[in-house]
K.L.:
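Can you read through this structure? Questions will come right after.
In this text the structure is predicted, and so the values were computed from the model without any measurement. Letters go in sequence order (proteins before strands), and every chain restarts at 1.
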Amino acid sequence: MNGVPMVHADRVSKRFGSNRVLRSISLTVDPGEVLCLVGPSGSGKSTFLRCINHLERVDAGRLSVEGQLVGYRQKGEKLYELKPKEAAFQRREIGMVFQRFNLFPHLTALENIIQAPMRVKGMSKAKATQRALELMERVGLGDKAGHYPAHLSGGQQQRVAIARALAMDPKLMLFDEPTSALDPELVGEVLDVMKELASTGMTMIVVTHEMGFAREVADSLVFMDGGVVVESGNPREVLSNPQHERTQAFLSKVL
Amino acid sequence: MKNGPVHGGTAAARTDALTDDQEGEAIKAIALRHPWRILIAVVLVLMLAVFVLDAAQRPDYGWADVGKYVFDKRISRAALVTLQLTVYAMVIAIVLGLVLAIMRLSPNPVVKSVAWLYIWIFRGTPVYVQLVFWGIVSLIYPVLTVGIPFMTPWMSFHNDIFTNLFATAVIGLALNEAAYMSEIVRAGLLSVDDGQEEASRALAMSWGQTMRIVVVPQAMRIIIPPTGNEVISMLKTTSLVAAIPLSIDLYGVSRGISAVTFTPVPLLIVASLWYLLFTSILMVGQHFIEKRYARGSGQRKADKS
């Protein structure tokens, strides 16, 4: 790819009070790459993901998406915090899928999907609806457009959430433990949608405990613990032959 | 539990096996008697009957006068004034309450404190006392001026708002009610899961869009039932506008008539009947609204905009 990485983190740190959740995280995600972030809970994976679309603010280091600093503007030596509107503009091309789906319960599946394209991009309702129906077909829920989230299974809700994020035509998709809140028999249908998405060349950063998915789909894998990147590389190599003892200890428990 | 033979099969197989004729013998026991329940019911009904029969013939109640005044033009016009006071005061209170609630959730500590101070004062003092104060505020501030403090004002005009007693009543009731409404709205806004706001922000929606499209419609489920209570409460609180003093509302006019005719009790009954009529209608309305909003989340039809 021609130079500019999709995501570039250079010694990114973040603390909540005295708790240092991210310590000098450096990593690069190229366009079209699928990166899996794994590690024990509390290791900072989700926080790092949320920093990428500025739901959390970074305290130190530089984090950029497509060469643009996230949440700040640099003028000479000085950094200026972005206005909420400018921060929102940066998020337009970053889709996010949450562990607990976070669908809007008072809106139908279709209405969930069309809100952002209509309100943020100013798309007409007819066009947004047509696009939403295509996306629902793509995630295998063509017949559920009029259903409220409460009437859908967890796996169906998560697939609607993926369609909702895709409706903004993102260049980058962030997945925050997308299958952790699902019953085991529903995990597969969500992973299938994600695999299909990866095969279309979408850049994806996936926080997950699904090592099978990481092995099969990911281009690279990053193991985090205690706010630092412990080990990273080709997922098959890291998973089958971990170098660091913390990685070994973690993988021996989850594999 | 053994309901006959179970052939190690599925739930369906077992359900098939359970037919009516295999059920145990129906229970035909003598029901337990509840003599105290019956006794208490009889005593209550008798007490009520004695009270009603006695009241019907007691001259002080003046039932003939009740019949005469209940549809009196003056009374029905005053009832309309009471309704207007209720509606105007509630509308202002809901808008102001929403503003105060958002101020209290603001990250700006000064804005937050000002809202807190407002609520502290208006909830912490009796509405009757507040109404008396608004009744005399035009004496404290006879002239309103616009300009830079301590300099010659650009404009000054006579304080007319608070010499209009009806407007004073509406403002007085609304300012008090806003403090209560803001707490109701705040509880509603806080009841919406953080993940909702986060998902909306992640979709690049602005704060205003997030509130309008995502948070407020969900908060309404929590906000509407207690707001119905507040409307019913406000309808009755309007009788306190006598403190201003405004006397064209239902209670004021009833008192005015009885002061001339020396029949206070029949007119109290007349006023009460009208209040009961209105509160009953509101209660029925609230019942349906609560039923509509009590349905499981996600069942509610989306607001079409």
K.L.:
Would you say the side chain of A/P105 lies within less than 4.5 Å of the side chain of B/Q218, judging by non-hydrogen atoms?
P.N.:
yes
K.L.:
Could you give the distance from CD (A/Q115) to CG (B/L203), rounded to the nearest 0.5 Å?
P.N.:
9.5 Å
K.L.:
Does any heavy atom of chain B fall under 4.5 Å from the side chain of A/H54, the backbone, both, or neither of them?
P.N.:
backbone
K.L.:
Answer yes or no: are there more than 12 heavy-atom neighbours, outside A/N19 itself, under 6.0 Å from its atom CG?
P.N.:
yes
K.L.:
Check the pair B/E198 / A/R50 against side chain to side chain contact (heavy atoms under 4.5 Å, CB included), numbers first and verdict last.
P.N.:
CA-CA 10 Å; B/E198 212 157 69; A/R50 294 156 55 81; 2.8 Å; yes
K.L.:
To the nearest 0.5 Å, what is the distance between CE on B/M205 and CE on A/M168?
P.N.:
8.5 Å
K.L.:
Using every non-hydrogen atom in the two residues, find where A/H106 and B/I213 come nearest and quote the distance to one decimal.
P.N.:
NE2-O, 2.8 Å
K.L.:
A/A88 and B/A204: which non-hydrogen atoms are nearest, and at how many Å?
P.N.:
O-CB, 3.2 Å
K.L.:
Looking only at non-hydrogen atoms, find the nearest pair between B/A202 and A/F98 and report the distance.
P.N.:
CB-CZ, 3.9 Å
K.L.:
Give the intermediate values and the outcome of side chain to side chain contact (heavy atoms under 4.5 Å, CB included) for residues B/Q196 and A/L103.
P.N.:
CA-CA 7 Å; B/Q196 293 289 308; A/L103 290 180; 5.9 Å; no
K.L.:
Check whether any side-chain heavy atom of A/F104 sits under 4.5 Å from a side-chain heavy atom of B/S200, and report yes or no.
P.N.:
yes
K.L.:
Drop me the distance from B/T210's OG1 to A/R119's CZ, to the nearest 0.5 angstrom.
P.N.:
11.0 Å
K.L.:
For atom CZ of A/F16, is the number of surrounding heavy atoms from other residues, nucleotides or ligands below 6.0 Å larger than 12?
P.N.:
yes
K.L.:
Taking atom CZ of A/R92 as the centre, report whether more than 12 heavy atoms of other residues, nucleotides or ligands fall under 6.0 Å from it.
P.N.:
yes
K.L.:
Distance from B/D193 atom CG to A/N102 atom CG, nearest 0.5 Å?
P.N.:
6.0 Å
K.L.:
Quick check: are there more than 12 heavy atoms from other residues, nucleotides or ligands sitting under 6.0 Å from NZ of A/K195?
P.N.:
yes
